[in-house]
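So the structure is just underneath, and the comments pick up after that.
This is a predicted model, so every value here is computed, not measured. The basis for the numbers below is simple: all heavy atoms, side chains too, and nothing from hydrogens, waters or symmetry mates.
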Amino acid sequence: MWRKRGEWSLDDLPDRPAPDDPIDDATRRLAVDAALARLTPRQRAVLVLRFYDDRSVAEAAEILGVTEGTVKSQTAYALGRLRVIAPHLAELTVEEAGR
């Protein structure tokens, strides 16, 4: 089969999107946002501070005006809740670890 320069056959396309596919990243962000929206405001704040902003337990506690124990317990409750309401997100972390 002859092809013009820069054209590719559909037979050459992968079955799954490339790991760095921006559409896949957008889908992942939307899934995380939707799951976070189902948490309580405090649980959401704790997870965002700890995992998105990469804050320590002490820093998160200071920012939120709560004890470090509250940050730890709210983190545990929030992660447990995410496992129930969005189990598909666990699969995303497994995929990320495999890269």
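Grouping the Ile, Leu, Val, Met, Phe, Trp and Tyr side chains by contacts below 4.5 angstrom, directly or via other members, places V48 with I85. Under the 4.5 Å side-chain heavy-atom criterion for grouping Ile, Leu, Val, Met, Phe, Trp and Tyr, F51 is connected to L82 within one hydrophobic cluster. In the hydrophobic cluster analysis, where Ile, Leu, Val, Met, Phe, Trp and Tyr join through side-chain heavy atoms closer than 4.5 angstrom, Y52 is grouped apart from I63. Clustering ILVMFWY residues whenever any of their side-chain heavy atoms sit less than 4.5 angstrom apart, transitively, puts Y77 in a cluster other than the one holding L47. Two different hydrophobic clusters hold L39 and L64 under the rule that ILVMFWY side chains link at heavy-atom gaps under 4.5 Å.
By the side chain to side chain contact (heavy atoms under 4.5 Å, CB included) test, E68 pairs with V57, A58, A61, sequence neighbours left out. Remark: T40 engages R42, Q43, Q74 in a side chain to side chain contact (heavy atoms under 4.5 Å, CB included) (not counting sequence neighbours).
Interatomic distance, R44 CZ to D33 CG, rounded to the nearest 0.5 Å: 10.5 Å.
No side-chain donor-acceptor contact under 3.5 Å links S73 and T70.
With E62 contributing its side chain and E59 its backbone, the two residues share no donor-acceptor pair below 3.5 Å. A distance-only check finds a donor-acceptor pair linking the side chain of R50 to the backbone of R55 [under 3.5 Å].
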